[in-house]
There are 2 protein chains.
Amino acid sequence: MIDIQRSPSSKLENTNFDNLLFGKVFTDHMMECDYIDGEWQKPVIKPYGPLSLDPSARVFHYGQAVFEGMKAYKDKDDRIWLFRPDENFKRINRSGKRMAIPEFPKEYFFEGLEELLKLDKDWIKKGFGNSLYIRPFVIATEAGVSASAANEYKFMIICSPAQAYYSGEVRVKFSEKFSRAADGGVGFAKAAGNYGAQFYPTDLANEEGFQQIIWTDANTHEYLEEAGTMNIFFRIGDKLVTAPISDRILDGVTRKSVITLAEEYNIDLEVRRVSVQEIVEAAEKGELKEMFGSGTATVINPIVGFGHKGKKFDLPKLEDSYAKFFKDKLMKIQYNEAEDKFGWRYEVK
Amino acid sequence: MIDIQRSPSSKLENTNFDNLLFGKVFTDHMMECDYIDGEWQKPVIKPYGPLSLDPSARVFHYGQAVFEGMKAYKDKDDRIWLFRPDENFKRINRSGKRMAIPEFPKEYFFEGLEELLKLDKDWIKKGFGNSLYIRPFVIATEAGVSASAANEYKFMIICSPAQAYYSGEVRVKFSEKFSRAADGGVGFAKAAGNYGAQFYPTDLANEEGFQQIIWTDANTHEYLEEAGTMNIFFRIGDKLVTAPISDRILDGVTRKSVITLAEEYNIDLEVRRVSVQEIVEAAEKGELKEMFGSGTATVINPIVGFGHKGKKFDLPKLEDSYAKFFKDKLMKIQYNEAEDKFGWRYEVK
Ligand SMILES: Cc1ncc(COP(=O)(O)O)c(C=O)c1O
Ligand SMILES: Cc1ncc(COP(=O)(O)O)c(C=O)c1O
């Protein structure tokens, strides 16, 4: 069903897998599928290479574009696994709907993805933490700058090998002035423009010594929502809290999985609004034991401290952190090293 | 200073100027300037043609892109004019700053633009209402999907001939649920993603019989802000009101000019928050005489009616409308047919 054009050569041998920057090197092939005349055409897998687009293509001018982020893992027996790919498939269409992008068919998504992974399987390295980062995305390609939804689109999947990496200590700033999303806006969508809009405030936070921002609600800046590419959990005493999903917040697959695992392992977890004041007070009283982010790229990312209104707070270093607990549980499922009680694993074969 | 590569042929003769769709046909040349190694390189003018970009280019994934919209006019003596181009130059850098895009140099902007217009001057048709729509834009071109500001960009100018067009009667819907921008967000910037985010709500409004949406504040939806590509004025009795600029609202050049002209011609105009309630009440009492949009594309666009919470309102048809008054005053300045008291015209020669 899918047209496959094999690359005459491979970049694999020239790739240094011990020194990978995130999302910089791509595999030998990519999947492409065009939407023309009101229909998604037959998908094609072809050698990774540049796109040719008219300078007036809608994506350049109006940011009509959405994406996903997922990973493929290789287990000890060279079997290849995805983690809850159905969630990513559903989410790219949820994002697409909000951005007036036509729904992408499920069979094209899965067939294209699986064929691509089989073709580029040698790019997936074994070893806990190694993976292939998968980036499905859709861009509006129609030429012409009229400010309305395009009639032509391109769906693509590109893949980049990723290493288990240590991103250094992560300190976050609670946003006091800038916002990521409006009520009634597109924050819940993985819409391209949501990300570019975060770069400037994040650069300013970097200058103050924070690697990331925890976005607060745009109306009051009193409630903590999520980080740039992670949902956020706070541990007060032995209770975990995380903000509920809304039309401002991305419904993260990792977040969802942490919530399910917490239930499974009887860890007290509340999904409710989390106020800045509550977290600052807990930190002052020594009751804030952990903060961590959840997301496909880093799985679980511990946060060592935060800043708010000029004050900086450090979090304790725990032996038995929840961050470590969930990271280990999740990765064991992802790498086929533990029972898959919830049916989250999906084999590519 | 600018490198000019002339097109070997022209599409001019094959272009039907009596039947132009907005922003569909482009002139023979385009301007391009790359940001590499921390610097804007020498601008180039070359034949209009496709861009080749890596599928992982930042603009596709994170919407790091801004644009401008301006017009060139030809007067009876074939002289070419721009309208307040300095405002567009300053605004693209204001937008760029918020989107973490490096500042573009003034001399490149003006030299590039003027050389391009001189080269493609036959595309600018005489006649009140005819113009050349100019689209400067910047896109993040660096390959790689790490979620941070790019190190490489492309600044471009493309141009599209535009006709005086009648867009049909415009009815607007006051937004009740969807929002365009958050406080502390990027609404004041001409950032690509702001536009794509409006397509879906606008499509829904279209289905209800409204051509456009008047966005309200995201917090309460009680205050009227602006339309998709126009600022909005309301006439209650003989007083005009328009919302103040904020970090959610684009500081329109046309809006600014209307405000100055109102002062000049002693038309009562207030810049202040405009509540939905006030406008609905004024309409019910028959005191709402006009609503119109202001923007480069249509100059002044009269609005014939609006809808709110399921009710529809029609506005009266006036002989002596302010919309007509301002449109006429502005266009006469733009086409060099009236005195340019405020120094708004800029000749390309
Ligand atoms: C804004 C945002 N929040 C949270 C996440 C985490 O979502 P997931 O766990 O599905 O990767 C991501 C990354 O995908 C994101 O972009
Ligand atoms: C959101 C928005 N508001 C208002 C305007 C009108 O601005 P200007 O008068 O500078 O064209 C535009 C178009 O440029 C716009 O995109």
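To find a chain, count down the sequence lines: A is the first, B the second, and so on, and within it residues start at 1. Note that these values count all heavy atoms, side chains included, but never hydrogens, waters or copies made by symmetry.
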Novice: Can you tell me if A:K11 has over 12 outside heavy atoms packed within less than 6.0 Å of its NZ?
Specialist: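 More than 12 within 6.0 Å, yes.
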Novice: If you tally heavy-atom pairs under 4.5 Å against chain A, which of B:R135, B:Q198, B:K177 wins?
Specialist: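 Between B:R135, B:Q198, B:K177, the count favours B:R135.
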Novice: Write out, in numerical order, the residues from residues 150-159 of chain B with a heavy atom short of 4.5 Å from a heavy atom in chain A.
Specialist: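 Residues in range: B:M156, B:I158.
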Novice: Would you say that B:F67 contacts A:V145 through its side chain, given a criterion of any heavy-atom pair below 4.5 Å between the two side chains?
Specialist: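 B:F67 vs A:V145: side chains apart.
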Novice: May I ask you to test the B:Y48-A:S56 pair for a side-chain heavy-atom distance under 4.5 Å?
Specialist: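 They are in side-chain contact.
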Novice: Picking from A:G63, A:G184, A:G193, which has the most non-hydrogen pairs under 4.5 angstrom with chain B?
Specialist: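 Sorted descending by pairs with chain B, the first entry is A:G184.
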Novice: Would you name the heavy atoms of B:A100 and A:Y200 that are closest together and state the gap between them?
Specialist: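 In terms of heavy atoms, the two residues are closest at CB-N, 3.9 Å.
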Novice: Taking A:S179 for the side chain and B:G185 for the main chain, is one N or O donor matched with an acceptor at less than 3.5 Å?
Specialist: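 The answer is no, because no donor-acceptor pair under 3.5 Å joins these two groups.
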Novice: Please state whether the side chain, the backbone, both or neither of A:I139 comes within less than 4.5 Å of a heavy atom of chain B.
Specialist: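 For A:I139, the side chain is the part near chain B, not the backbone.
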Novice: Could you look at B:E142 and say if it's the side chain, the backbone, both or neither that has a heavy atom under 4.5 Å from chain A?
Specialist: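 Contact with chain A: side chain only.
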Novice: Looking at B:G49, B:A140, B:S148, which one has more heavy-atom pairs under 4.5 Å with chain A than the rest?
Specialist: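 Heavy-atom pair counts peak at B:S148.
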Novice: Kindly indicate whether the side chain of B:H61, heavy atoms from C-beta on, has any atom under 4.5 Å from the side chain of A:Y195.
Specialist: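 Heavy-atom side-chain distance check fails, nothing below 4.5 Å.
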Novice: Contact part of A:K97 toward chain B, heavy-atom cut-off under 4.5 Å: side chain, backbone, both or neither?
Specialist: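 Interface part for A:K97: both.
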Novice: Give the minimum heavy-atom separation between B:P201 and A:R98, together with the two atoms involved.
Specialist: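 Between these two residues, the closest heavy atoms are CD-NH1, 3.3 Å.
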Novice: Where do B:M30 and A:P55 come nearest, in terms of heavy atoms and distance?
Specialist: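 For B:M30 and A:P55, the tightest heavy-atom pair comes out as SD-CG, 3.7 Å.
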Novice: Sort out for me which of A:V66, A:V186, A:L53 touches chain B most, counting heavy-atom pairs under 4.5 Å.
Specialist: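 That would be A:L53.
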Novice: Take atom CD in A:E103; do more than 12 heavy atoms of anything else shown fall under 6.0 Å from it?
Specialist: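 Count not over threshold, so no.
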Novice: For the residue pair A:F22 and B:S146, what are the closest heavy atoms and their distance?
Specialist: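 Distance-wise, the nearest heavy atoms are O-CB, 3.8 Å.
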Novice: Under 4.5 Å from any heavy atom of chain A, what part of B:D203 do you find: side chain, backbone, both or neither?
Specialist: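 For B:D203, side-chain heavy atoms alone lie under 4.5 Å from chain A.
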Novice: Sort by residue number and list every member of residues 215-230 of chain B having a non-hydrogen atom under 4.5 Å from chain A.
Specialist: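 Interface residues of residues 215-230 of chain B: B:A218, B:N219, B:T229.
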Novice: When heavy-atom pairs shorter than 4.5 Å are enumerated against chain A, which of B:S175, B:A57, B:S52 gives the highest number?
Specialist: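 Max contact count across the listed options: B:S52.
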Novice: Quick one: closest heavy-atom pair of B:A182 and A:A182, and the distance?
Specialist: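 Minimum heavy-atom separation between B:A182 and A:A182: CB-CB, 3.6 Å.
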Novice: Please flag which part of B:A181 lies under 4.5 Å from any non-hydrogen atom of chain A: side chain, backbone, both or neither.
Specialist: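 For B:A181, backbone heavy atoms alone lie under 4.5 Å from chain A.
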Novice: Does B:R94 have more than 12 heavy atoms from other residues, nucleotides or ligands lying within 6.0 Å of its CZ?
Specialist: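 Yes.
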Novice: Highest number of heavy-atom pairs under 4.5 Å with chain A: which of B:A197, B:G196, B:A192?
Specialist: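 Option with the greatest count: B:A192.
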Novice: Show the nearest heavy-atom pair for residues B:A65 and A:F60, with the distance to one decimal.
Specialist: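 Minimum heavy-atom separation between B:A65 and A:F60: CB-O, 3.7 Å.
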